[in-house]
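What follows is one structure encoded as structure tokens, with my remarks underneath.
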Amino acid sequence: MFYERLHVTFVGVLATLVDSVVVAEFAGYWLHRLLHSDKIPALSRGHLIHHFLVYGPRQPMRAHEYRDATDHRFSVGNVGLEWLVPSGVILLFCWGVMALLHVPHAYEVLALCTLLGWPILMFSYLHDRMHVENFWMAKVPGLRTWFLKARRLHDIHHKSLDSDGFMDANFGIGFYFFDRFFGTMAKRHRRFNWCGYKAAIERYGLDEAELLSLQSCSKSLFQKTDRP
Ligand SMILES: [Zn+2]
Ligand SMILES: [Zn+2]
Ligand SMILES: [Zn+2]
């Protein structure tokens with residue numbers, strides 16, 4: 001049998017997949033929270049370009065095409081350094097833990113592939129499609145209900161600012177069980193906090209003038225500009 005040759009069992013494979021997805025969701029949730037916490041301002045700034053300049057409060061949540069926030073800075077595809085660097089660290093950490101625990105090689109490879117693939121699928125592919133009209137999942141019965149529900153929660157994430165200008169709800173993308181668990185779930189839209197918005201814009205030196213420069217491809221958004 002295929003399983004025996006690889007020294008794995010069906011249950012083992014299933015457990016590895018489930019565990020890896022849970023770890024990936026957990027890491028994604030906390031990384032997203034970190035990006036909104038201002039603990040590492042350079043990382044936060046990268047993510048907030050997506051929130052305040054590209055899909056800001058005066059812009060529609062969805063358009064014909066995805067407008068990415070990495071035009072004038074380093075990225076892989078449209079994933080910026082603010083996601084890549086911490087994800088690399090997390091992946092290395094998981095690898096180290098598995099090596100220490102002497103996890104069989106086949107499971108280790110499967111876990112690492114899942115830990116890499118799941119976040120790409122959820123936090124990159126699915127997330128970006130939430131900002132695009134007519135995504136195929138919105139038309140497939142079965143997937144449709146789940147996708148539209150998750151998308152609505154992500155819309156709420158974009159609109160939920162506290163008075164210090166920090167986004168405080170719905171950090172999951174496809175799944176929100178860690179939001180439920182850690183008490184950051186918001187199922188309803190609330191009034192947009194313009195005072196919070198102003199605080200955030202000032203903190204990161206982001207404003208819509210920079211959006212114009214993003215569109216004209218003329219200036220690096222990753223550099224803070226001092227304006228009077
Ligand atoms: Zn966010
Ligand atoms: Zn978004
Ligand atoms: Zn450009």
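Throughout, residue positions are numbered sequentially from 1 according to the sequence presented. Note that ligands are numbered from 1 as they come in the structure, with each ligand's atoms numbered from 1 the same way. These numbers come from the heavy atoms of this one structure, side chains and all, not from hydrogens, waters or symmetry mates.
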Salt-bridge present (Asp164, Arg203; N to O < 4.0 Å)
no
Item to complete: Take atom CZ of Arg144 as the centre, draw a 6.0 Å sphere, and report whether it contains more than 12 heavy atoms from other residues, nucleotides or ligands.
Response: no
Handout entry: ILVMFWY cluster, Tyr176 and Phe147 together (side-chain gap under 4.5 Å)
Key = no
Examine the side chains of Asp168 and Ser160 and answer whether a donor and an acceptor come within less than 3.5 Å of each other.
no
So the protein N/O/S atoms within less than 2.8 Å of the Zn ion (ligand 2) come down to His50 NE2, His127 NE2, His131 NE2, His154 NE2, His158 NE2
Side chain to side chain donor-acceptor pair (under 3.5 Å) with His131: of His127, Arg129, Glu133, only one passes, and it is His127
For residues 100-122, the side chain to side chain donor-acceptor pair (under 3.5 Å) pairs (sequence neighbours left out) are Glu25-Trp118
